[in-house]
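In what follows, every chain begins at residue 1, and chains take the letters A, B, ... in the order their sequences are listed.
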Amino acid sequence: MSVDPINLLAFLGMAIVTYVTRVAGLALAGRLSLSPRAQAAFDAIPPAVLIAVIAPSALATGWAETAAAAITALAATRLPLLGVVAVGVVAVVGFRIVM
Amino acid sequence: MSTMRDDIRRGLNDIWPAAVAAAPIGLLFGAVAASKGLSPLEVFLMSIMVFAGGAQFAAIEMWASPAPVAALVFSTLLINARHVLMGASLAPKLQGFSRWQKFLGLYYMADENWALAEKRARTHRLTPAYWFAMVIPFVTGWLINSTLGAMIGAVLGDPKRLGADFAFTALFIALVAAFWKGRVTFWTVAAAGIASAVTYRLVGPPWHVAAGALCGLLAAWLAAGGEAQPATEEVKA
């Protein structure tokens with residue numbers, strides 16, 4: 001069981017910024033009024049970041065991954081979270097065999 | 001009037017379905033973290049210090065040796081920025097909390113327990129007993145499952161063999177569906193995906209995350225322009 005010091009530094013940095021986001025609301029309560037456009041941009045943060053993280057794996061790795069990502073997106077309109085993950089994993093294994 | 005014991009029982013009752021749903025996700029997180037070279041102890045430390053599923057998954061996807069600390073912290077900040085709005089909405093409902101209960105309790109505010117607390121506050125006074133009865137088992141479950149996943153993952157070996165490396169991509173696509181809000185989300189996803197993939201090819205990691213995220217936000221801001229204006233007028237009128 002080892003702990004790399006640089007990894008620990010990363011955990012610490014992640015923990016600090018996360019805690020700041022969690023308590024910042026205490027100071028802002030009742031004083032926060034975003035324009036509808038700013039609100040839309042704020043609401044878009046989670047999907048924008050999630051897609052930015054996976055885009056290389058989905059779009060810039062190979063046709064098997066891109067095809068599996070398309071099937072996964074289709075499944076995401078119908079199935080619960082773990083069902084979608086299962087479909088995606090099975091699809092990528094299948095496409096890697098045939099492509 | 002609800003007693004402390006009632007509030008504890010109610011909190012446990014409300015959180016358990018979310019805790020059960022999070023269990024396999026915790027196992028998956030630990031297993032893929034192990035495939036990136038993190039030890040079970042490191043997975044435990046990350047989970048207890050950060051406790052933010054989406055940000056932790058994104059971090060593991062970007063993980064390298066040595067860890068790209070600045071990029072990891074920036075991505076974590078972006079993903080968790082939504083907490084500011086969640087906290088601002090929850091803060092006025094924490095009147096029964098002492099100062100230290102607020103600062104301690106909010107350390108582990110996550111999407112699930114925040115949503116349940118908001119729901120509870122609509123009909124009852126939100127008490128520390130209810131909050132901590134939800135949060136303690138939820139956090140404990142995430143710690144146990146992610147650490148256990150790392151132990152199992154270390155034994156399973158190369159995740160690519162089982163397609164497990166793609167589990168992240170699939171999980172994130174599923175999570176985006178949960179955040180779906182129609183046209184604006186479509187443009188967000190299209191802009192973020194293209195900008196990220198292009199940046200990844202031309203510049204390389206970890207810059208694709210910041211470039212993709214910022215283009216996605218810009219697209220959302222632009223796409224919301226047309227439909228947001230009438231909504232403001234309605235509110236004013």
Student: Go through the atoms of B/Ala52 and report whether side chain, backbone, both or neither lie under 4.5 Å from a heavy atom of chain A.
Tutor: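 Both the backbone and the side chain of B/Ala52 come within 4.5 Å of chain A.
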Student: If you count the non-hydrogen atoms of other residues, nucleotides and ligands that lie under 6.0 Å from CH2 in B/Trp221, is the total more than 12?
Tutor: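 No, not enclosed.
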Student: Counting only heavy atoms closer than 4.5 Å, note whether B/Arg201 contacts chain A via side chain, backbone, both or neither.
Tutor: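 Looking at B/Arg201, just its side chain touches chain A.
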Student: Give the C-alpha distance, both sets of side-chain angles, the deciding distance and a yes or no for side chain to side chain contact (heavy atoms under 4.5 Å, CB included) between B/His83 and B/Met109.
Tutor: CA-CA 8 Å; B/His83 289 152; B/Met109 179 181 74; 4.0 Å; yes
Student: Determine the option with the most heavy-atom pairs under 4.5 angstrom with chain A, choosing from B/Phe74, B/Phe51, B/Trp180.
Tutor: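 Of the candidates given, the most pairs with chain A belong to B/Phe51.
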Student: Can you say whether B/Thr185 sits under 4.5 Å from chain A via the side chain, the backbone, both, or neither, judging by heavy atoms?
Tutor: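 B/Thr185 touches chain A through side-chain heavy atoms alone.
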Student: Nearest 0.5 angstrom please: B/Ile79 CD1 to A/Thr18 OG1, how far?
Tutor: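 Those atoms lie 9.5 Å apart.
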Student: May I ask you to decide if A/Leu74's main-chain N or O and A/Thr77's side chain share a donor-acceptor pair within less than 3.5 Å?
Tutor: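 Flag set: sc A/Thr77 to bb A/Leu74 pair under 3.5 Å.
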Student: Can you tell me how far CG of B/Leu148 sits from CG of B/Leu143, rounded to the nearest 0.5 angstrom?
Tutor: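 Here the interatomic distance stands at 12.0 Å.
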Student: Whether the side chain of A/Thr72 engages the backbone of A/Val84 through a donor-acceptor N/O pair (distance < 3.5 Å, no angle test) should be reported.
Tutor: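 Looks like no, no N/O pair under 3.5 Å.
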Student: Taking all non-hydrogen atoms of both residues, which atom of B/Leu72 and which atom of B/Ala59 are closest, and how far apart?
Tutor: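 Answer, listing the atom of B/Leu72 first, then B/Ala59: CD2-O, 3.5 Å.
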Student: Can any side-chain N or O of B/Arg183 pair as donor or acceptor with the backbone N or O of B/Ala223 at less than 3.5 Å?
Tutor: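 Judged by distance alone, yes, a pair lies under 3.5 Å.
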Student: Who among A/Ala24, A/Ser35, A/Ser57 has the most heavy-atom pairs with chain B under 4.5 Å?
Tutor: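 Of the candidates given, the most pairs with chain B belong to A/Ser57.
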Student: If you count heavy-atom pairs under 4.5 Å between each of B/Leu38, B/Leu28, B/Leu218, B/Val189 and chain A, which one has the most?
Tutor: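 Of the candidates given, the most pairs with chain A belong to B/Val189.
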Student: Measuring heavy-atom distances to chain B, does A/Val92 have an atom under 4.5 Å in its side chain, in its backbone, in both, or in neither?
Tutor: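 Interface part for A/Val92: side chain.
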Student: Mind ranking A/Ala58, A/Ala68, A/Ala73 by heavy-atom pairs under 4.5 Å with chain B and telling me who comes out on top?
Tutor: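 Of the options given, most contacts go to A/Ala68.
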Student: Please flag which part of A/Asp4 lies under 4.5 Å from any non-hydrogen atom of chain B: side chain, backbone, both or neither.
Tutor: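 Contact with chain B: backbone and side chain both.
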Student: Identify which part of B/Ala192 has an atom lying under 4.5 Å from any heavy atom of chain A, answering side chain, backbone, both or neither.
Tutor: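 For B/Ala192, the contact with chain A is made by backbone and side chain together.
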Student: Between B/Pro66, B/Ser75, B/Ala81, which residue shows the highest count of heavy-atom pairs closer than 4.5 Å to chain A?
Tutor: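 Counting heavy-atom pairs under 4.5 Å, the top option is B/Ala81.
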Student: From the options B/Phe103, B/Tyr107, B/Tyr108, select the one residue that forms a ring pair (Phe, Tyr, Trp, His ring centres under 6.0 Å) with A/Tyr19.
Tutor: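 Single pass found, and it is B/Tyr107.
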Student: With a 4.5 angstrom heavy-atom cut-off, could you sort out which part of A/Ala38 is near chain B: side chain, backbone, both or neither?
Tutor: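 Answer is backbone: N, CA, C or O of A/Ala38 sit under 4.5 Å from chain B.
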Student: So among B/Arg99, B/Gln95, B/Gln101, B/Lys93, which one has a side-chain contact (heavy atoms from CB on, under 4.5 Å) with B/Phe97?
Tutor: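 Testing B/Phe97 for a side-chain contact (heavy atoms from CB on, under 4.5 Å) against B/Arg99, B/Gln95, B/Gln101, B/Lys93 leaves exactly one candidate, B/Gln101.
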Student: Among A/Ala75, A/Ala60, A/Ala40, which has the most heavy-atom pairs under 4.5 Å with chain B?
Tutor: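 Top option by heavy-atom pairs under 4.5 Å: A/Ala60.
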Student: When you measure from the side chain of A/Thr66 to the backbone of A/Trp63, do you find a donor-acceptor pair of N or O atoms at a distance under 3.5 Å?
Tutor: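 Looks like no, no N/O pair under 3.5 Å.
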Student: B/Leu90 versus chain A, heavy atoms under 4.5 Å apart: side chain, backbone, both or neither?
Tutor: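 For B/Leu90, no heavy atom lies under 4.5 Å from chain A.
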Student: When only pairs under 4.5 Å are counted, which of B/Thr169, B/Val176, B/Thr188, B/Ile194 shares the most heavy-atom pairs with chain A?
Tutor: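 With the most close heavy-atom pairs to chain A, the winner is B/Thr169.
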Student: Side chain, backbone, both or neither: which part of A/Leu79 has an atom under 4.5 Å from a heavy atom of chain B?
Tutor: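 A/Leu79 has no heavy atom closer than 4.5 Å to chain B.
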Student: Looking only at heavy atoms and a cut-off of under 4.5 Å, which of A/Val49, A/Val90, A/Leu9 has the most pairs with chain B?
Tutor: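 Of the candidates given, the most pairs with chain B belong to A/Val49.
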Student: Is any side-chain heavy atom of A/Met14 less than 4.5 Å from a side-chain heavy atom of B/Asn80?
Tutor: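 SC-SC contact between A/Met14 and B/Asn80 ruled out.
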Student: For each of A/Gly13, A/Ala15, A/Ala76, A/Ala27, tally heavy-atom pairs with chain B at distances under 4.5 Å, and name the one with the top tally.
Tutor: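 Most heavy-atom pairs within the cutoff with chain B belong to A/Ala15.
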Student: Please report the C-alpha distance between B/Ile60 and B/Met46 in whole Å, then the side-chain angles of each, then the deciding distance to 0.1 Å, and finally whether the side chain to side chain contact (heavy atoms under 4.5 Å, CB included) criterion is met.
Tutor: CA-CA 10 Å; B/Ile60 288 302; B/Met46 193 211 250; 4.0 Å; yes
Student: If I measure from the heavy atoms of chain A, does B/Phe57 come under 4.5 Å with its side chain, its backbone, both, or neither?
Tutor: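 When you check distances to chain A, no heavy atom of B/Phe57 falls under 4.5 Å.
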Student: Which residue out of B/Thr76, B/Val198, B/Thr199, B/Leu171 racks up the most heavy-atom pairs below 4.5 Å with chain A?
Tutor: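 Heavy-atom pair counts peak at B/Thr76.
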Student: Output the option from B/Ala211, B/Gly216, B/Ala210, B/Gly193 having the highest count of non-hydrogen pairs under 4.5 Å with chain A.
Tutor: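 The candidate making the most pairs under 4.5 Å is B/Gly193.
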Student: Considering only heavy atoms, which portion of B/Trp63 lies under 4.5 Å from any heavy atom of chain A: side chain, backbone, both, or neither?
Tutor: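 Just the side chain, heavy atoms under 4.5 Å.
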Student: With a 4.5 Å cut-off on heavy-atom pairs, point out which of A/Leu59, A/Leu8, A/Asn7, A/Val17 contacts chain B the most.
Tutor: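 Heavy-atom pairs under 4.5 Å are most numerous for A/Asn7.
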Student: Run the salt-bridge test on A/Arg96 and A/Glu65 with the 4.0 Å N-O cut-off and return the result as yes or no.
Tutor: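 Yes.
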